[in-house]
Amino acid sequence: MTWTAKRLHGSASTLHEFSPPERPERTLCAVEAHSTAFVIGSAQRESEVDSQCASALGVSIVRRGSGGGAVLLVPGRHVWIDVWLPSGDALWSDDVIVAADWLGEAFALALTDAQVQSVSVHRGPASSDAWSKMVCFLGRGPGEVFSGGQKIVGLSQRRTRDWIRFQTVVHRQFSARLTADLLAVAVDSEAVAQWQSQVYEIGDLPILDLLRARLPR
C-alpha cells in the first residue's frame, strides 16, 4: 500500500487540531510550525508552565490532544512528522501499547541506515518519573526510539473510531535550558545538564527522507 505525502504549515495551535485527511489512506505529513511553542500534553496542568516567562520570550503555550509531557518546538531546530492511519488498515491496532511499534521500527531502520549507533525501540507501557511527566523527552513511551540512553524520537498518539494520528518529533538541536525555564518549577544546573544528555540531536540528518524509504508498504 502506498503513502500519501503532505506538507503542513501554520501555528502550532492550528497544526495540533485534529483534522484527518479527506480520504481514508495512509498519510505522511511533514509539519512546520512558524513560531516557537511549548506544547503540553492533554493531562498536564497549565500551572506547570511559567506563562510570564513564555510571554516574555515570545513562546506560545499550546495544548495537544494526546498525552505525555511537554515538547519544545523551535523552528529550524526540530523535525515534526505526523502519520495518519485509517481504521481497517493492516497496520492498525486497538492496543495503544503496541499500536506504534511498527512506526518506531521504521524510524529505527531509517536511523540505522544513517549510521546512528545502538538504536532501539521502547516496547511496552510508558516508563516515567516526576520530570518526564512534565517533559516528553525525559521519559519512555510505546514506540519511541532511542540511541543507548538518549531519546531520538518522541511519539504520542491520538485516536478516534476512524483514525489514529501518530505525532512524532526529533530534535536537530535541543535546549534543555529553555525547556527548564518554561516550567513553573526550579530546575538546577545539574538537572539541566542531565536533561541535555538524555536527548539525541540529529543535526542535519534528512530524517523525513530516511523514514519515507522505510515505511511499510
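Not measured: the values here are computed from a predicted model. For the single chain, residues carry numbers from 1 onward in sequence order.
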Answer yes or no: does atom CZ of Arg217 have more than 12 heavy-atom neighbours from other residues, nucleotides or ligands under 6.0 Å? yes
Short side-chain to backbone donor-acceptor contact, Thr160 and Trp163, under 3.5 Å: yes
Could you tell me if the side chain of Phe107 sits less than 4.5 Å from the side chain of Ile207, heavy atoms only? yes
Side chain to side chain, Arg64 and Val71, heavy atoms closer than 4.5 Å: yes
I'd like to know if the side chain of Trp102 and the backbone of Leu215 have a donor-acceptor N/O pair within less than 3.5 Å. no
To the nearest 0.5 Å, tell me how far Ile164 CD1 sits from Asp89 CG. 9.0 Å
Interatomic distance, CD@Gln167 vs CH2@Trp84, rounded to 0.5 Å, equals 8.0 Å
If we ignore hydrogens and angles and just use 3.5 Å, is the side chain of Thr179 paired with the main-chain N or O of Ser175 as donor and acceptor? yes
Do you know which of Met134, Arg45, Glu46 makes side chain to side chain contact (heavy atoms under 4.5 Å, CB included) with Ile40? Glu46
Leu211 and Leu28: CA distance, side-chain angles, deciding distance, side chain to side chain contact (heavy atoms under 4.5 Å, CB included) verdict: CA-CA 10 Å; Leu211 175 63; Leu28 177 70; 4.2 Å; yes
Could you state the interatomic distance from OG1 (Thr168) to CZ (Arg165), rounded to the nearest 0.5 Å? 10.5 Å
Ser132 versus Ser127, closest heavy-atom pair with distance: OG-O, 4.4 Å
Check for a donor-acceptor pair, side chain of Gln157 on one end and backbone N or O of Ala100 on the other, with a separation under 3.5 Å. no
Is there a donor-acceptor contact under 3.5 Å linking the side chains of His122 and Glu144? no
Say you draw a straight line from CZ of Arg123 to CD1 of Ile97; how long is it, rounded to the nearest 0.5 Å? 13.0 Å
Given 3.5 Å as the limit, does a donor-acceptor pair link the side chain of Arg172 with the main chain of Glu201, or not? no
Which atom of Ala37 lies closest to which atom of Val62, heavy atoms considered: CB-CG2, 4.3 Å
Say you draw a straight line from CG of Asp95 to CG of Asp101; how long is it, rounded to the nearest 0.5 Å? 9.0 Å
Distance (rounded to the nearest 0.5 Å) between Leu111 CG and Ile152 CD1: 4.5 Å
Is a donor on one side and an acceptor on the other found under 3.5 Å between the side chain of Gln173 and the backbone of His171? no
Any Tyr200 side-chain heavy atom under 4.5 Å of Val153 side chain: no
So with a 6.0 Å cut-off around CZ of Arg77, is the heavy-atom count from everything else above 12? no
